[in-house]
Protein chains: 2
Amino acid sequence: MTTVNALSEIAALMGDPARASMLSLLMDGRAHTASDLAHNAGITAQTASGHLARMVEANLLAARAEGRNRFYRLASADVAHAIESLMALAGTRAAPASKAAAWRRDPDLRFCRTCYDHLAGQVGIAVTDSLTQHGHLEPEGSRDWRLTHSGELFCERLGVDLDTARRTSSRHFARQCLDWSERRPHISGALGAAIADTFFKRGWAERLRRSRTVRLTDSGRRALGSHFGATV
Amino acid sequence: MTTVNALSEIAALMGDPARASMLSLLMDGRAHTASDLAHNAGITAQTASGHLARMVEANLLAARAEGRNRFYRLASADVAHAIESLMALAGTRAAPASKAAAWRRDPDLRFCRTCYDHLAGQVGIAVTDSLTQHGHLEPEGSRDWRLTHSGELFCERLGVDLDTARRTSSRHFARQCLDWSERRPHISGALGAAIADTFFKRGWAERLRRSRTVRLTDSGRRALGSHFGATV
DNA sequence: ATTATGCTTCGGTCTTGGCCGAACGATTGA
DNA sequence: TCAATCGTTCGGCCAAGACCGAAGCATAAT
């Protein structure tokens, strides 16, 4: 039964503190240089290089060379989701007053963050809820959404790049992603990423330096009200 | 940021081959004795005892003493689902002709297996589909099902112990669980477990020795036709 | 009582693998 | 061409932890 080995190999890769630190940083969905990841994990470049090579080998990460830099990112949304599921599990540990669960109570992280490449937290839920309540989005099956005709018009009015989103055929267009802090689904997939892009491009939200936390700007707060009819 | 430590600690626990082997065995949803788990993992009882204690400490497992035996089981369905997500990730490894992915092609496992404590695979999907198509079950939200009035009558006629299922209030009653082989949701939660129980009690299905594989008996095949209007 | 079985704790061995210093290759800029 | 930067490979050091033998403590069977 090789299923056991496969499980332990993948888990062992995630089980090293240095590698887990790198994976956590990469959970923001962006690509980071090797030295960036090394510094963040508190190890030297040589050591990091070995870790990164092993994770690329195991298809957890993808690497892209650019000049003398080398950028690493999570290999797929599946990897991100597996990491999220482990984090959620870690959060439910019984240890009373466990410090390990402190991050789950981080109010900024619960308010707005990136989940791989789309918006999550209260803001992600607010956007998703607004779209469904206005009939722009409908659940389709148990894991997808369907963008209605009115939804297409709404997105175009907002400046969401639907064409590019549709063109990435290798990827689910509109996916339901379970939000660990809100315990409800928000929108992910190519459409979710395109919507998040719009938020960043129009200055409604900005990523924080070294974390998944996203700050909603004042204009973003206004936009949520005027475009989505939501207050957060 | 302690989220990193939490992630690496949980993953490291799953990352040891012996522990992964135990977890895999426990994925059948049943409780196993310490010696059973030790033998299955190919290690001595002392070593296994240490592993088990650590996993209980981390709330991955729950232990129950019975006579001079000690039974261990997965602590929650969440643990089972996290393991499934890692296994799914391991299955998508690029390695061409990888032996690690062989188990994903096991036809018996795809046909019928236990997923923690309910039925999965083609049979699990067939049961779920039949219930929804006859209006006994309706999707509720993105992660649950609702048992309709006709569904209650149907279950009672079948001999499903709805009272007990309802009484386990600590648990979701009817949950959608994504089937990795069929890529569609089947029914889990207390109701899913009660339905699986019925299949075993009435001799429609039987668990195989040391695996998650479930064999559908001849009477089970007939029952699927007569009660559920399904052929598999 | 005595013996057998299941499980655990303790102590010690040994392998695995993470880590860094040093050296090297590749790319960019002066 | 020379220097600076980023990344990698190599070699050796070292600690974490997986493993087992021996012993102890329950519970159950005779």
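Here is how names work: the chains are called A, B, and so on, in the same order as the sequence lines, proteins then strands, and each is numbered from 1. Computed from a predicted structure; not experimentally measured.
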So, using side chain to side chain contact (heavy atoms under 4.5 Å, CB included) as the criterion, who are the partners of Ser76(A) when residues are at least two apart?
Asp78(A), Val79(A)
Hits for side chain to side chain contact (heavy atoms under 4.5 Å, CB included) against Ser219(A), two or more places apart or cross-chain, chain-then-number order -> Trp204(A), Thr217(A), Arg222(A)
Hey, does the side chain of His51(B) come within less than 4.0 Å of dG17(D)'s phosphate (OP1/OP2), counting only N and O?
no
Nearest-0.5 Å distance that lies between atom CG in Leu52(A) and atom CD in Glu57(A)
13.5 Å
Smallest heavy-atom separation, Met27(B) atom then Ala80(B) atom, equals CE-O, 3.5 Å
Boundaries of the DNA chain C segment in contact with chain A, non-hydrogen, under 4.0 Å
dG18(C) to dT28(C)
Could you tell me whether Glu9(B) and Arg54(B) have a side-chain N and a carboxylate O separated by less than 4.0 Å?
no
Expected output: side-chain Arg212(A) to main-chain Thr114(A) donor-acceptor under 3.5 Å
yes
Base versus backbone protein contacts along nucleotides 5-12 of chain D [heavy-atom cut-off under 4.0 Å; B, S, -]
BSSBB---
Not counting sequence neighbours, which residues clear side chain to side chain donor-acceptor pair (under 3.5 Å) with Thr198(B)? List them please.
none
For Arg215(B), the salt bridge (Lys or Arg N to Asp or Glu O under 4.0 Å) test, sequence neighbours excluded, returns Glu206(B)
